[in-house]
Amino acid sequence: MTAFIAYQLKLLYMSLALGAFLMFSYDILRILRALVRHGSLAVGIEDIIYWLYAGVMTFGLLYGQNDGKLRAYAIAGVFAGMVLYDRLFSRVLAKRLKKLKKYFTIKDNSSSSKKR
């Protein structure tokens, strides 16, 4: 295997890892949203900041590893890493968090106990 092909494979693996990391970062954001209620404006601002972060990270990967040359497979690798993480880990994590959520919810019984 030539050094060029090995280098391109390394870039692909790094792209997959970056995609998984970006999806993990979004999972953290989703968990925070589940714990603390957000309005639609706050959710929109958080999403804009996240996607700017994702774009900067992807650009940093391409600039640092490939001298800024745009490679379609590197972008596809980031996307594939996100999809793989979502299908393999994120859905399992979400199911477990939903099961745990019922143990951490606070019920407001004050309105039901008041009789007029």
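Note that the numbering runs from 1 along the sequence shown for the chain.
Linking ILVMFWY residues whenever their side-chain heavy atoms come closer than 4.5 Å, directly or via other members, leaves Phe79 and Leu16 in distinct clusters. When the side chains of ILVMFWY residues are joined at heavy-atom separations under 4.5 Å, either directly or via intervening members, Ile28 and Val56 end up in two distinct hydrophobic clusters. If you chain together hydrophobic residues whose side chains sit under 4.5 Å apart, Val43 and Leu41 never meet in one group.
Using bins of under 30°, 30° to 60° and over 60° for the plane-to-plane angle, the ring pair Phe59/Tyr63 lands in the parallel bin.
Listed here is the closest heavy atom pair of Arg30 and Ser90: NH2-OG, 3.0 Å. The heavy-atom pair separating Asp47 from Leu29 by the smallest distance is OD1-CD2, 4.3 Å. Here the closest heavy-atom approach between residue Leu12 and residue Gly77 is recorded as CD1-CA, 4.2 Å.
Note: Glu46 CD to Trp51 CH2 = 14.5 Å, rounded to the nearest 0.5 Å.
Applying the ring-ring contact (aromatic ring centres under 6.0 Å, His included) test to residues at least two apart or on different chains, the pairs with a partner in residues 15-34 are Tyr26-Tyr50.
The closest side-chain heavy-atom distance from Val36 to Leu32 is not below 4.5 Å. The closest side-chain heavy-atom distance from Leu62 to Ile75 is below 4.5 Å.
Using a 4.0 Å cut-off between a side-chain N of Lys or Arg and a carboxylate O of Asp or Glu, Asp27 and Arg33 do not qualify as a salt bridge.
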Next item on the list: In sequence, state the C-alpha distance, the side-chain angles, and the governing distance for Leu22 and Tyr53, and then conclude on side chain to side chain contact (heavy atoms under 4.5 Å, CB included).
Entry: CA-CA 9 Å; Leu22 290 174; Tyr53 168 75; 3.8 Å; yes
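In summary, the side chains of Ser15 and Arg71 do not present any donor paired with an acceptor at a separation below 3.5 Å, with no hydrogens or angles considered.
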